[in-house]
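Just so it is clear, the structure is predicted and the values come from calculations on it, not from any experiment.
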Amino acid sequence: MALTRHSVFLLLCFALGYSALAVILRTAEKTVWTNEFDSAELSCLIESISTNNPRIEWKKIKNGVPSYVYFQNKISGDLEHRAQLREPANLVILNASRLDTAQYRCEVAAIDDHKPFDEILISLAVRVKPEVPRCTVPDSATAGSSAELRCLENEGFPQSQYQWFRNDEELPEDPKSSLRFLNSSYIMNPDTGTLKFRALQKSDAGEYYCMAKNEAGQAKCSSQLMEVYDLNIMAIFLKVLGGVVAGICVAVGFCHVCKKVSCKKEPGSDYKAPRHDDGVDYITADEGHFRHKSSFVI
C-alpha cells in the first residue's frame, strides 16, 4: 500500500526517536457543497499533535485575497454572526450566502511539536436556486415558417438547465425520440434555453412555458399561447389585388381633378379696354400714362 507524505514523515519521526510528534491536519471533504440559507461544516481534523493549546485560525480566500474568519479565538469578518468553531477545529457556517462561495484555509500552530505548523485548504460552493426565468413565446405564426422561443435566468448557481413544456407536457430534447413529437422540427438547447422550430406544424400550437433548474431547486415562467395558422394563398392574392386596384383608382381620380383645374380660365383673362367714338384710345391711371394715338382735325 502506498504511503502518504504524512505517514512517511511520522515514520521518520519514530525512526529518529522523536517523542514529540508534528502537527498534522486532514479534512473529511476538500470540496463542500451546500444550498443558500442552509448550513455548511468545513472539517479541519487534527490527526496528531503534542501541544496542549494550539493556535487555530481560519481564513477566507476570495479572488486570491485572504481575510480572517476565525482569529484570536473569535469569529470575525462577514461571518461574525453566522459561524462558529466546533471542537477541535471545524468551522460551521450558518445561513450560508452565495457570497460565502470561496476557499477557506485552516491553520494550526503548535509550538511544542517538532513540526509546529500545518494548514489545509477547503473549497465551499453555495448553490443558489434559479429565479423565475424570462420567457419569450411568439403570439402567432404561419405554418411552414420558422419560430424561436427563448428562456433565460441569471441567478442560479450552478448554471441552470432549461426544459420546455407544451400544454403541461414535457418536450423531449430530441423530438425524434418520441412518437408524439415525431413530426415536430424543433431543436432544443438545454444550456441556453432556446427552442427553435425550423418549419412549424399546426400541431405545434399550444400553451408553452419553460422551467429552469439546478441542484438547488427550480422555477418556471407563466404559460403563453402560440397559435399556428395555415397559409392562405388565395387570401393573400386577393389582398394584393385589392391594394393594386385601390392604387389605380386613387391615381385616376387625381388625374381627373388635375385636368378639371387646368381647364378653368383665370378671372380677368378676357378683359378688353373700352373704346370711344372719337377714335382715341384712353388709358386709365392704373394702366399707365396717357398716350395720344391719333391726331385731331380742327
Checklist line | Residues forming a side-chain contact (heavy atoms from CB on, under 4.5 Å) with T136, sequence neighbours excluded | finding: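 Here the qualifying residues are R150.
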Check: Under the side-chain contact (heavy atoms from CB on, under 4.5 Å) test, which residues partner T101, sequence neighbours left out?
Finding: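 For T101, the residues satisfying side-chain contact (heavy atoms from CB on, under 4.5 Å) (neighbours in sequence not counted) are K62, V126.
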Checklist line | Test salt bridge (charged side-chain N to carboxylate O under 4.0 Å, His left out) applied to E131 - qualifying residues, sequence neighbours left out | finding: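 For E131 the salt bridge (charged side-chain N to carboxylate O under 4.0 Å, His left out) partners, ignoring immediate neighbours, are R134.
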Item checked: Partners meeting salt bridge (charged side-chain N to carboxylate O under 4.0 Å, His left out) with E227 (sequence neighbours left out) ->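 Residues passing salt bridge (charged side-chain N to carboxylate O under 4.0 Å, His left out) with E227: none at all.
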Any side-chain heavy-atom pair of [X] and [Y] under 4.5 Å:
| X | Y | result |
| --- | --- | --- |
| I24 | S48 | yes |
| Q224 | C135 | yes |
| Y104 | I93 | yes |
| F197 | L149 | yes |

Notebook entry, point to check: Should the ring pair W33 and F157 be called parallel, tilted or perpendicular, given that the plane angle runs from 0 to 90° and is split at 30 and 60?
Noted result: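 It falls in the parallel class, under 30°.
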Answer with yes or no whether the side chains of [Y] and [X] bring together a donor and an acceptor at under 3.5 Å.
| X | Y | result |
| --- | --- | --- |
| R82 | N95 | no |
| T27 | S43 | yes |
| Q159 | N214 | no |

All N/O donor-acceptor pairs, side-chain side in residues 68-79, below 3.5 Å, sequence neighbours left out:
| residue | atom | partner | partner atom | Å |
| --- | --- | --- | --- | --- |
| S76 | OG | Y68 | O | 3.4 |
| D78 | OD2 | K60 | NZ | 3.1 |

Checklist line | E57 bridged to R55 by N-O distance under 4.0 Å | finding: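 Here E57 pairs with R55 in a salt bridge, since their nearest N and O are under 4.0 Å apart.
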Notebook entry, point to check: Below 2.5 Å, is that where the SG pair of C44 and C106 sits?
Noted result: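 A disulfide, yes.
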Just list the side-chain donor-acceptor pairs under 3.5 Å for residues 199-211, sequence neighbours left out, or say none.
| residue | atom | partner | partner atom | Å |
| --- | --- | --- | --- | --- |
| K202 | NZ | V228 | O | 3.1 |
| D204 | OD1 | S184 | OG | 3.0 |
| D204 | OD2 | Q201 | N | 2.8 |
| E207 | OE1 | S223 | OG | 3.4 |
| Y208 | OH | D204 | O | 2.5 |

Item checked: More than 12 heavy atoms from other groups under 6.0 Å of CG on L225 ->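 Yes, enclosed.
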Check: Does atom CG of L179 have more than 12 heavy-atom neighbours, drawn from other residues, nucleotides or ligands, at distances under 6.0 Å?
Finding: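 Result for CG/L179: open.
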